There are 2 protein chains.
Amino acid sequence: MPAEASAPTGGGTQAQAGPGEAAAPGRRERVREATLREIKDNARRRLAAEGPSGVSLRAIARDMGMTAPGLYRYFSGLDDLLNAVRADLFHELSEAVAGAAAPLPTDDTDGRILASLRAFRSWALSHRAEFSLLFATPAPQDAPDQRVLEAGQEFAASFFSLFDRMLAEGRIPLPADDEIGPELRERLDAFAAKTGFTIDNASYGALRVLMSCWVRLYGLVSMEVAEHLTPIMGDMEPLFEAELQDILAPSGAACRASDQD
Amino acid sequence: MPAEASAPTGGGTQAQAGPGEAAAPGRRERVREATLREIKDNARRRLAAEGPSGVSLRAIARDMGMTAPGLYRYFSGLDDLLNAVRADLFHELSEAVAGAAAPLPTDDTDGRILASLRAFRSWALSHRAEFSLLFATPAPQDAPDQRVLEAGQEFAASFFSLFDRMLAEGRIPLPADDEIGPELRERLDAFAAKTGFTIDNASYGALRVLMSCWVRLYGLVSMEVAEHLTPIMGDMEPLFEAELQDILAPSGAACRASDQD
DNA sequence: CCGTAAGCTTTACGCCGTTCACTAAAGCTG
DNA sequence: CAGCTTTAGTGAACGGCGTAAAGCTTACGG
């Protein structure tokens with residue numbers, strides 16, 4: 001009875017110590033892993049091509065030359081598959097954001113942040129359906145999945161850690177801690193605890209600024225992905241760049257010309 | 001053959017000049033209107049209860065004691081119904097935002113804006129599914145509906161017109177026109193043209209500030225609706241109020257204590 | 001009064017997720 | 001090796017979905 005969330009069939013054997021290799025995954029689990037990957041790849045193909053509603057077990061199975069019930073050996077249902085894809089996508093997005101900053105020198109704080117924020121936008125625009133799968137409002141009843149939650153928090157943490165250095169440099173004027181109301185402080189405490197920030201590293205003012213940056217970035221990008229303003233504004237890149245400049249202006253960052261595309 | 005968008009069956013007769021009443025809608029069209037309303041009401045009930053995916057023609061028909069194909073006399077399909085609901089919702093949202101400002105005296109510009117922005121948030125939070133139906137990323141292939149587009153632009157216009165007076169008062173420091181890049185200016189021109197703003201009324205700087213406000217408000221509220229930050233921050237109201245204060249701070253607006261709830 | 005159209009039902013087709021009973025193969029164990 | 005157990009996968013089936021076509025009934029308009 002496959003009742004567990006993600007791995008209906010659990011590995012019984014694997015530590016049998018094969019001939020040459022130490023902890024060989026075992027032939028069995030290798031092909032299983034491959035099938036699992038194939039399912040998710042097909043799900044993503046359909047996701048990109050037809051949007052979230054185009055992802056169906058039957059269609060995926062058809063693409064793979066098998067029947068839908070067979071997929072239940074790998075996922076406990078469509079929701080489970082979608083959640084697995086969501087978790088993967090969060091990791092991918094984290095990597096895209098972090099990867100954009102990596103090649104730049106450590107002391108080029110502004111450049112690293114700019115590159116990452118632009119990478120976030122780029123990823124979103126080149127993965128519209130994926131982005132909306134990640135950030136869509138969930139239906140009222142469906143409970144959040146643990147893996148997705150964790151992956152999301154990992155993304156949040158990796159995203160915010162971008163600002164660590166900039167905050168440390170103290171170039172941004174932060175609101176004083178006592179300008180921040182007690183309720184908000186409470187929330188920021190909770191936030192810091194869950195994302196690995198501690199108030200020692202980042203003052204309330206810093207967390208406040210972080211949240212503000214994220215809200216603006218997220219708001220603009222998600223509007224762009226949804227093409228909400230597109231019919232009345234056309235290309236939104238100039239607005240994005242202007243917002244970027246605005247967000248980072250207090251730090252005196254030089255924002256001119258993205259070097260990509 | 002009902003191929004048109006919204007009204008498969010179009011009224012032939014109505015100007016027949018009844019006995020007493022001038023342009024009486026005619027009994028026929030009255031019951032039709034009532035049924036139409038009933039369908040949309042049922043759609044909204046299910047929308048609120050189970051989210052967008054819970055809205056199905058068959059379920060609605062069942063609730064109304066009829067069969068699904070009967071609904072095709074009123075809507076050309078599920079999408080058409082959803083678009084009609086969307087248009088209604090945009091009007092409702094516009095009204096909620098405008099209505100919140102109405103009771104306040106005309107010269108209380110800050111108060112009116114605050115009330116409207118809070119009303120936007122309140123409406124969104126008490127109509128999560130409706131909000132996400134309005135602002136969800138559409139699937140890659142489906143073309144935008146004309147009525148929805150118009151209703152959306154009406155909302156945008158009514159929303160932005162809130163700021164008319166504040167901009168006129170000149171209390172917000174605006175970026176100089178020549179600080180705004182030529183591409184962005186082009187976009188803002190397009191935007192102004194579509195929403196009724198003219199550059200005479202509002203400078204590029206003003207439009208720029210408007211957009212920034214909207215992006216922040218939208219970003220925060222849509223994150224709150226999606227409960228994206230909720231698992232790590234809990235109640236987001238303090239953050240919202242802080243953002244409000246931030247957004248309107250340059251104008252010296254007094255933001256203390258919302259009088260509602 | 002009769003033709004015509006509107007409102008609605010029945011039937012049907014092809015999707016969908018999911019369950020269940022079943023087979024065939026692979027792996028482990030004695 | 002035999003034999004047992006687990007796994008991967010199939011086929012049929014249930015119920016729900018959108019929607020197209022055809023038919024029936026009722027009300028309206030000339």
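These figures come from a predicted structure and were not determined experimentally.
- Whole-Å rounding puts the A:I60 CD1 to C:dC15 P distance at 16 Å.
- Nucleotide C:dA21 holds its P atom 13 Å from the CZ atom of A:R73, rounded to whole Å.
- Just one of B:W123, B:F131, B:F155 meets the side chain to side chain contact (heavy atoms under 4.5 Å, CB included) condition when paired with B:L89; it is B:W123.
- Side-chain atoms of A:S56 lie closest to C:dG17 of the nucleotides C:dG17, C:dT9, D:dG9.
- Using a 4.0 Å cut-off, no side-chain N or O of B:R32 falls inside it from OP1 or OP2 of C:dA5.
- Regarding contacts with the backbone of C:dC8, every side-chain N or O of B:Y72 stays at 4.0 angstrom or more from both OP1 and OP2.
- Here C:dA6 presents its P atom at 11 Å from CD of B:E29, a figure rounded to the nearest Å.
- Between the OH atom of A:Y74 and the C1' atom of D:dG9 there is a distance of 8 Å, given to the nearest Å.
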Verdict with reasoning, B:D80 to B:R147, per salt bridge (charged side-chain N to carboxylate O under 4.0 Å, His left out) = CA-CA 10 Å; B:D80 188 38; B:R147 291 163 301 164; 2.8 Å; yes
Does the salt bridge (charged side-chain N to carboxylate O under 4.0 Å, His left out) test come out yes or no for A:D88 and A:R44, once each step is laid out?
-> CA-CA 10 Å; A:D88 284 0; A:R44 284 202 48 175; over 6 Å; no
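- In this structure, A:W214 has its ring center under 6.0 Å from that of A:F159.
- Summary of the strand contacts: A:T67 and B:P69 both lie near DNA chain D, and taking for each the nucleotide with the nearest heavy atom, the more 5' one is attributed to A:T67.
- Comparing A:L57 and B:V31, the nucleotide of DNA chain C nearest to each residue sits closer to the 5' end for B:V31.
- For B:L71 and D:dG18, the CG to P distance is 9 Å, given to the nearest whole Å.
- When the P atom of C:dC16 is taken as reference, atom CG of A:D79 falls 16 Å away, rounded to whole Å.
- Here C:dC16 presents its P atom at 17 Å from CG of B:L78, a figure rounded to the nearest Å.
- Remark: A:E150 CD to A:E154 CD distance equals 9.5 Å, nearest 0.5 Å.
- Rounded to a whole Å, the CZ atom of A:R28 is 8 Å from the P atom of C:dA26.
- Remark: B:R58 is not in phosphate contact with C:dC16, judged by side-chain N or O atoms under 4.0 Å from OP1 or OP2.
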